[in-house]
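Remarks on the structure that follows.
Throughout, protein chains are lettered first and strands after them, A, B, ... in sequence-line order, and every chain is numbered starting at 1.
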2 protein chains.
Amino acid sequence: MSTPATITRAGGAARIAEEIGAAIVAGVYRPDELVPGELELCRRYGASRSVVREALKLLSAKGLIESRKRTGTRARSREAWNALDADVLAWRLKNGAEPKFVFDMLHMRAVVEPAAAAMAARSHTPATLAAIEEAFAEMERAANDAALYADPDRRFHKAILVATGNDFMAAFAALIEVALGMFVRIASRHAGAPAPSVPLHRAVLEAIRRRDADGAYAAMLALIDRTSRNVERNVRRAKRRT
Amino acid sequence: MSTPATITRAGGAARIAEEIGAAIVAGVYRPDELVPGELELCRRYGASRSVVREALKLLSAKGLIESRKRTGTRARSREAWNALDADVLAWRLKNGAEPKFVFDMLHMRAVVEPAAAAMAARSHTPATLAAIEEAFAEMERAANDAALYADPDRRFHKAILVATGNDFMAAFAALIEVALGMFVRIASRHAGAPAPSVPLHRAVLEAIRRRDADGAYAAMLALIDRTSRNVERNVRRAKRRT
DNA sequence: CCGGACGATATGTCAGACATATCGATGCGC
DNA sequence: GCGCATCGATATGTCTGACATATCGTCCGG
């Protein structure tokens, strides 16, 4: 089966890991026990065992699986997953996340981001402040177009986390970026132009600029509260629809 | 070279990933470019290319490396690392962490753990509360033995994060556990018995038990502040010694 | 009824080959 | 002399088939 046709011939180990990873977090393979054997996966994805095994290593590095000899490879339970890994987060969001998961994410953002804004107010440098300002400027320009608004929005939140000067806070950026990609899907589905959120972002920026840590904390908290309310409203609406 | 003697014959892919990962975060391989080729790694670790490649996949899943064809495998710069991965954290702490990194970790704990204590105060169940209480009881018993104290201390902080009922907070437990393993090395090297920290932990537990979110927040913040002061004192002392 | 031996089966490891992309040098034409 | 296409060297990527190793079930004997 060397170089078979061209069917399903795109990624390699990464593509296979992508599919299996998504399946695991979607609950296709239940915690403890399960997961098809390597040669079955070879057949299913039309790849050699080397590639399949490399894909499995990618997943094992993220805490999704664990292999033992004779027994086979089993999906690990949710507590073992690296929930703070961007790929794992993306997989969990892929197939329509449950409300509890969305709110967990929002609660964590409500903890981390206001604190990050306060740290950024204390620690920003000309360069990191400029990155925040640049992102905000583009948000203002796109205030009437939800599609154009999403990207600078991500950059805005990321720039603040980076401006903290704290490696761990900066590491959250990868998570927040993935999460924002979903929140706009949920929160702005029924909302109009993103213009109303611009003043809230401006308040964060200005507090950071004048090194007002408490003000930045409060402004960011207000911003996330608004997102939470939007999401909550839409989740309720979706539930009513079912 | 099938089954060579028994020398350096322990782990497999995990062991090799361990060594290379530690080397990368230690700065042996500088950001962008670098890292020996696969066959060179085979020679160096006495393993076949399959095993080496699987080890490299483990590292690539954590953002430490990136491979391209002809060019080779390069170490990625620090911003790309999954800083919130427990293994990456452990590697960074392995070879005596720099002060900045230790304080970054403490600042993050000061953001996350007080908020977690507050969430736990609101959301704990009989089972999750019992886990906190059990860990604290053992801390009291080991109040005069630093060696015995470390393990229940870890369990105490982890139990609180789990008691939040929030998946992301619970995911921090893996990080905190690794970090605590180092803080006791740094903070208690010159400290006596851990007894003085027991009342601070008790205050956290009791606030959670009576569902006093604000009190739990404040008590946990006080606890971490004390750790920060201990670490700071020891870092200064270490610097003076050099 | 219990316990040890044994075979079946999964992952783990090895070896060698070919595929593929890309960097760098070479040499051609202008 | 200079730019550009060509080609070879070299790294990772993939495939194949074999053997090693641990462990679960089963079967057999005490």
Side-chain angles (χ1 to χ4, degrees), chain A residues 1-21 24 29-30 32-76 80, chain B residues 1-21 24 29-30 32-76 80:
Chain A
M1 196 184 288
S2 58
T3 319
T6 47
I7 188 67
T8 62
R9 204 110 235 339
R15 190 186 67 85
I16 297 178
E18 188 80 17
E19 291 201 34
I20 302 179
I24 290 175
Y29 305 118
R30 300 253 148 234
D32 272 329
E33 294 302 336
L34 282 316
V35 180
E38 291 175 359
L39 32 89
E40 163 66 15
L41 293 173
C42 291
R43 197 190 56 71
R44 197 174 299 188
Y45 295 104
S48 72
R49 204 152 84 93
S50 323
V51 176
V52 167
R53 283 183 58 81
E54 286 170 13
L56 292 177
K57 290 295 180 189
L58 287 172
L59 297 177
S60 118
K62 296 178 186 300
L64 292 187
I65 58 171
E66 193 174 23
S67 297
R68 281 164 49 187
K69 296 221 162 161
R70 155 82 186 180
T71 314
T73 301
R74 56 188 68 197
R76 302 183 68 186
Chain B
M1 194 184 284
S2 60
T3 319
T6 48
I7 188 68
T8 62
R9 206 105 232 345
R15 189 186 67 85
I16 297 178
E18 189 80 15
E19 291 200 33
I20 302 178
I24 289 175
Y29 305 118
R30 301 249 149 238
D32 271 329
E33 292 303 336
L34 281 317
V35 180
E38 291 174 358
L39 34 89
E40 163 65 16
L41 293 172
C42 291
R43 198 189 55 72
R44 197 176 297 188
Y45 294 104
S48 71
R49 203 152 85 92
S50 323
V51 177
V52 167
R53 283 183 58 81
E54 285 170 14
L56 293 177
K57 289 296 180 190
L58 287 172
L59 297 177
S60 117
K62 296 177 187 300
L64 293 187
I65 58 172
E66 193 174 23
S67 297
R68 280 162 49 188
K69 296 225 161 157
R70 155 82 183 180
T71 313
T73 301
R74 56 189 67 197
R76 302 183 70 184

With sequence neighbours excluded, what pairs up with [X] under the side-chain contact (heavy atoms from CB on, under 4.5 Å) test?
X: Arg70(B); result: none
X: Arg30(B); result: Leu34(B)
X: Arg44(B); result: Tyr29(B), Pro36(B), Glu40(B)
X: Ser60(B); result: Leu58(A), Ile65(B)

In whole Å, what is the span from the CG atom of Leu41(B) to the C1' atom of dT13(C)? 17 Å

Kindly write out the residues that satisfy side chain to side chain donor-acceptor pair (under 3.5 Å) with Arg76(A), not counting sequence neighbours, or none if the list is empty. none

Distances under 3.5 Å between protein N/O atoms and the N/O atoms of nucleotides 9-12 of chain C, please, pair by pair.
residue : atom : partner  : partner atom : Å
dT9(C)  : O4'  : Arg70(A) : NH1          : 2.7
dA10(C) : O4'  : Arg70(A) : O            : 3.2
dT11(C) : OP1  : Glu38(A) : N            : 3.4
dT11(C) : OP2  : Glu38(A) : N            : 3.1
dG12(C) : OP2  : Arg53(A) : NH1          : 2.8
dG12(C) : OP2  : Arg53(A) : NH2          : 3.2
dG12(C) : N7   : Arg49(A) : NH2          : 3.4
dG12(C) : O6   : Arg49(A) : NH2          : 2.9

